[in-house]
**Q** 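To start, I am sharing the structure in question, which I have written as C-alpha cells.
Note that the structure is predicted; figures quoted are calculated from it, not measured.
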Amino acid sequence: MAWTYPKYSVEISKLSINCPGARAAHSCDVIGNKLYIFGGWNGKKALNDLHILDTDEQRWYEPDITGRVPACRNNHTTAVSGSKIYVHGGHDGAQWLDDLYVFDTLSWTWMKPNISGTAPSARACHTMSRVGRKMYLFGGYDGHRCFNGIDILDLETMTWQQPYVEGSLPLARNAHTITVVGTKLILFGGHSGNKHLKDLHIFETETLTWHEPDVYGSPPKGLRGHTANLIGTKIYLFGGYDGRGRSNDLYILDSEKMTWAHPLEADGSPPGRQRHTASTVANKYLYIFGGFDGNKWLNDVFVLDVGKLEASAIAGEAVNNLIGNLKKLVNNSLFSDVTFILEGKELFAHRVILVSRCEHFRVMFTGGMLEAQQSRIEIKDWSYKAYCYLLEFLYSAGISNFTAAAAEEVLGLADAYNLTDLKNLCQTALVHSVEVENVCDMLILAHRFSAPDLKKFCMNFIQKNFQDVNSTKGFEHLEQVPNLLIEVTRLVFSKMEYI
C-alpha cells in the first residue's frame, strides 16, 4: 500500500499552517482540486467553520464567505452538484437538525434555499447521494430511532419526495456509507442501534428497488463511522468502529465482480479512526482527514496513491492463493501424519502446521507427552464440529460461515488452547448476536472463558436495557455466578445514582 503523510513527501509543517484543527464527524467535499471541510465536533463543541485544502498547492486556507452561515453541527451529511455543496441535518450539541443549506464555491456564499414538499425529519449520521439531478437521503438517527426510508430532493424543482420503494429494505441504521456507482447506490454497514452491521445492499435509482447482491471474498467486520469512495470501478473502504476498536484497515470492493479484497498492510498507514472523511482527487488519490481514534480528535492528513496499489494487490492475491491451498488440507488425509478422534469421527491433520500455529500443539508433539508418539489421538472434551473450526482457523487464519452458535463452543476451545486471535474472532461473532433474551447467558460465557471484550459489551448492554433484561429467564441464570451478579447489580445502581 502506498500511504504518504502528506502527499508527495511535502513537509508536515506546510500542511499544519492554517490547519482546520482537530475534529471528527465533519464533512469533506471535493470540487476540482479542492477539498472543502465543514463543521464537525472537536471534543468540546460543534463547529461551523469552513476550510479549503488546495491539493495542487498543498495548503490550507479559510475563504471570506458571505451569506447565511449554517448553525454549528456535526454528523451532518453533504453532497455536491456542480459548484454547489448541499448540507443537511446533523446535531448541534443539543438538538437534532432538519435544515438544508447550500454553499456556492464560485461566490463563496451560503444560502438557505426555498424548498417545497415534506422534508425529512431531523437526524444525524445519515447519507445524501446525488444521481443526476436528484439527491437521495437515507438512514440516520434522531436520538430515539434509526431510519431506513428513502427521501429524494429534486434539484430541478427543489421539492422533497418520499417515493414508494420496492424490494427488500435494509435494516434501519446510521453511520453507514453509500457509494454512487453509475445510477446505483451501494450501501454498506452502519449501526442498527443494537449492533454493528456488515451487510451490503444496492438501491436501483431507476426502478426505486432495493436488492441484496451475492458478494464474494471476506467482507470487513461490522462497522460504523467508516468511509467509502469510488475510484474507477472499485470502492475503497477505510477505518471505522466495530464495537471494540477503531480500524485502520483498507478493504476494496470490486463493484463489477462484487468481490471483496483486503490489501496487505503497509508502513505509514494512518492510525485507526472513525468519523473521519475520505475524499477522492483526480480519480487516483484518496485523502484521509481527521476523525476520532478513541482517545483524541485528529487533524492529520494522509493520502493513498491508488495508482501504486497494484504491487500490493499482486502480493495480496498470492497470500490469498496460499491460504486457499492450505484450506484444502483441512481434514484432508493427503500427507496427514496425525488423526484426531472426536465423537467417533476421524479428523485428519498435519503436525507441522499445528506446531507452527499453536503453542498447545507444539507442547503436545514436542514436549515428551504421550501424544507425540501416537498417530491417532482421541479428544474427549470438545465436539467434532468445534475442532473442525479450530483446524480451519489454524490452517487459514479465518473461518468461513462462522455463526454465533458455533462461536459459543469455539470460544472455550480458543481459551483452553490460548489462541488470542481465535478468541477475538469468537467475541466479534458473539457481540453481533447479543439481544435482550441472551445477553445474560453471553455475559456468563464471557466470564467463564475470560473474554473481556464480550463481557464489556454485555455489561454495557445490560446497563442500557436493564428493565427489559431483568424480566428474562437469562437474568435468573446470573444467580449461578454470584460474583457476576454482584458486578451487574453495582453497575446498574451506579447508573441510577446519576439519574
Side-chain angles (χ1 to χ4, degrees), residues 1-12 14-16 19-20 23-24 26-37 52-60 80 177-181 186 188-189 217-221 223 225-242 246-255 259-293 298-317 319-320:
M1 231 184 292
W3 285 103
T4 57
Y5 178 36
K7 182 186 172 189
Y8 307 138
S9 299
V10 176
E11 292 182 3
I12 294 174
K14 186 172 183 179
L15 277 182
S16 66
C19 176
R23 67 189 64 203
H26 53 284
S27 59
C28 181
D29 296 278
V30 179
I31 296 179
N33 65 340
K34 295 181 174 62
L35 273 58
Y36 293 79
I37 305 285
I52 298 175
L53 173 60
D54 187 315
T55 61
D56 285 343
E57 299 181 6
Q58 291 293 294
R59 69 181 183 91
W60 290 103
V80 171
T177 54
I178 282 186
T179 310
V180 178
V181 181
I186 298 183
F188 175 80
S218 298
K221 301 174 182 178
L223 292 170
H226 53 288
T227 53
N229 296 81
L230 182 70
I231 299 181
T233 61
K234 296 179 179 179
I235 297 173
Y236 291 77
L237 189 146
F238 176 76
Y241 180 60
D242 65 2
R246 280 80 188 173
S247 169
N248 70 341
D249 284 342
L250 177 73
Y251 282 83
I252 302 174
L253 176 68
D254 188 317
S255 66
T259 303
W260 284 109
H262 187 195
L264 299 176
E265 292 187 12
D267 294 336
S269 59
R273 62 193 66 203
Q274 69 178 121
R275 301 311 296 174
H276 54 287
T277 52
S279 310
T280 303
V281 176
N283 202 36
K284 181 180 180 182
Y285 300 106
L286 189 64
Y287 279 71
I288 308 292
F289 172 75
F292 180 64
D293 69 0
L298 307 171
N299 66 345
D300 49 3
V301 177
F302 285 81
V303 182
L304 175 64
D305 185 344
V306 176
K308 295 182 179 179
L309 269 176
E310 185 176 353
S312 176
I314 293 173
E317 184 176 356
V319 171
N320 289 335

**Q** Is Y285 close to L304 at the side-chain level, that is, under 4.5 Å between some pair of heavy atoms?
**A**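 They are not in contact (no side-chain heavy atoms under 4.5 Å apart), so the answer is no.
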**Q** Could I get the full list of side-chain hydrogen bond (donor to acceptor under 3.5 Å, both in side chains) partners for D29, not counting sequence neighbours?
**A** T78
**Q** Restricting to salt bridge (Lys or Arg N to Asp or Glu O under 4.0 Å), what partner residues turn up for D293, sequence neighbours left out?
**A**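 D293: salt bridge (Lys or Arg N to Asp or Glu O under 4.0 Å) contacts with K296.
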**Q** Looking at residues at least two apart in the chain, or sitting in another chain, which of them share a salt bridge (Lys or Arg N to Asp or Glu O under 4.0 Å) with R275?
**A**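 Scan of R275 (salt bridge (Lys or Arg N to Asp or Glu O under 4.0 Å), adjacent residues dropped) gives none.
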**Q** Sequence neighbours left out, what passes ring pair (Phe, Tyr, Trp, His ring centres under 6.0 Å) with F188? Give chain and number order.
**A** H226, W260
**Q** What's the separation between atom OH in Y236 and atom CG in L250, rounded to the nearest 0.5 Å?
**A** 8.0 Å
**Q** Mind checking side chain to side chain contact (heavy atoms under 4.5 Å, CB included) for L230 and listing every partner two or more places apart, or none if nothing turns up?
**A**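 Checked L230 against side chain to side chain contact (heavy atoms under 4.5 Å, CB included); matches are T179, V181, I235.
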**Q** How long is the straight-line distance from CG of D254 back to OG1 of T259, given to the nearest 0.5 Å?
**A** 6.0 Å
**Q** Which residues pass the side chain to side chain contact (heavy atoms under 4.5 Å, CB included) test with A278, sequence neighbours left out?
**A**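 For A278 the side chain to side chain contact (heavy atoms under 4.5 Å, CB included) partners, ignoring immediate neighbours, are T227, N229, L286, I288.
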**Q** If you take all heavy atoms of N299 and F289, which pair is closest and at what distance?
**A** O-CE1, 3.7 Å
**Q** What residues form a side-chain hydrogen bond (donor to acceptor under 3.5 Å, both in side chains) with S247, not counting sequence neighbours?
**A** none
**Q** For S27, what residues pass the side-chain hydrogen bond (donor to acceptor under 3.5 Å, both in side chains) criterion, not counting sequence neighbours?
**A** H76
**Q** If you measure from OG1 on T177 to CG on L237, what distance do you get to the nearest 0.5 Å?
**A** 5.5 Å
**Q** Taking all non-hydrogen atoms of both residues, which atom of C28 and which atom of S279 are closest, and how far apart?
**A** SG-OG, 3.0 Å
**Q** How long is the gap from CG on L53 to NZ on K34, to the nearest 0.5 Å?
**A**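 It is 10.0 Å, given to the nearest 0.5 Å.
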**Q** Between L35 and Y287, is any pair of side-chain heavy atoms under 4.5 Å apart?
**A** yes
**Q** Would you compute the distance between atom CZ of R246 and atom CG of N248 and round it to the nearest 0.5 angstrom?
**A** 13.0 Å
**Q** Side chains of L298 and R273: closer than 4.5 Å at any heavy-atom pair?
**A** yes
**Q** Using ring pair (Phe, Tyr, Trp, His ring centres under 6.0 Å) as the criterion, list what pairs up with F292, not counting sequence neighbours.
**A**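 Here the qualifying residues are W297.
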**Q** Once salt bridge (Lys or Arg N to Asp or Glu O under 4.0 Å) is applied, what residue pairs with a partner in residues 229-240 remain, sequence neighbours excluded?
**A** none
**Q** To check you understand the geometry: which heavy-atom pair defines the closest contact between F238 and P271, and what is its length?
**A** CZ-O, 4.5 Å
**Q** Check whether any side-chain N or O of Q58 sits under 3.5 Å from a backbone N or O of T55 as a donor-acceptor pair, and report yes or no.
**A** yes
**Q** Using distance alone, with no hydrogens and no angle criterion, decide if H262 and S218 have a side-chain donor and acceptor under 3.5 Å apart.
**A**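 Judged by distance alone, the side chains do not pair up.
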**Q** Could you state the interatomic distance from CG (L223) to OH (Y241), rounded to the nearest 0.5 Å?
**A** 11.5 Å
**Q** For the residue pair W60 and I37, establish whether any side-chain heavy-atom pair is separated by less than 4.5 Å.
**A** yes
**Q** Are any non-hydrogen side-chain atoms of K284 and I231 less than 4.5 angstrom apart?
**A** no
